[in-house]
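Below: the structure, in structure tokens.
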Amino acid sequence: MKKSDDFYSRVYEIVKCIPSGKVTTYGLIAEFLGAKSSSRMVGWALNAVIDRIDIPCHRVVNRLGELSGKMHFDHPQQMKDRLLAEHVEFIGEAVDLSKHLWKPDDALTDL
DNA sequence: CGGGTGACTTTAC
DNA sequence: CGTAAAGCCACCC
């Protein structure tokens, strides 16, 4: 495996590294990749792999912790349901980032 | 190269 | 809270 293929591949690698019970944001991933303004591409990249269980797209939320991508799931409720199953606490419809925010930097330890 | 796109973000009304 | 618009950038054709 290469450490850097494309922007997309990097997104997948990072998302796959998100530990259970943790979530991250599009902006954080994009920023980590060096293109903080390409946060949209992060979500778009996930949409291309939404079918791959290898990539827990449900652990990626917007900067407020809202499940902005749930609408793209076959069953939107599943996104929140999965997070709840991973002991992720919610504040209304948003994840409690103050307790479950994960940074790509933490992946460096494993990569 | 250029145009279209988007699961973002920010500002504004 | 809602919608709108702009900025922004990588990918695809």
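Proteins get letters first, then strands, A, B, ... in listed order; numbering begins at 1 in each.
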### 5' priority, DNA chain B, between A/Y26 and A/R63 [closest heavy atom]
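Looking at DNA chain B, the more 5' nearest nucleotide goes with A/Y26.
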
### Query
Is NZ or CZ of A/K80 both nearer than 6.0 Å to the six-membered ring centre of A/F90 and within 45° of the ring axis?
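Ring-cation test returns yes.
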
[N] [atom2] sits how many Å from [X] [atom1], rounded?
X     : N      : atom1 : atom2 : result
A/W44 : C/dC11 : CH2   : P     : 11 Å
A/R10 : C/dC9  : CZ    : P     : 17 Å
A/K70 : B/dC8  : NZ    : P     : 12 Å
A/D6  : C/dC9  : CG    : C1'   : 15 Å

### Task
May I ask you to check whether A/N62 and A/E66 show a side-chain donor-acceptor distance below 3.5 Å?
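Yes, A/E66 and A/N62 have a side-chain donor paired with an acceptor closer than 3.5 Å.
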
Base, sugar-phosphate or nothing for [X]? Non-hydrogen atoms, less than 4.0 Å.
X     : answer
A/N47 : base
A/I50 : base
A/F7  : sugar-phosphate

### A/S68 side-chain N/O to B/dC8 phosphate OP1/OP2 under 4.0 Å
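Affirmative; the distance criterion is met.
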
### Minimum side-chain heavy-atom gap A/I29-A/T24 below 4.5 Å
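Answer yes - side chains close enough.
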
### Query
So does A/K22 pair up with A/E86, basic N to acidic O under 4.0 Å?
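The answer is no: the pair does not qualify as a salt bridge.
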
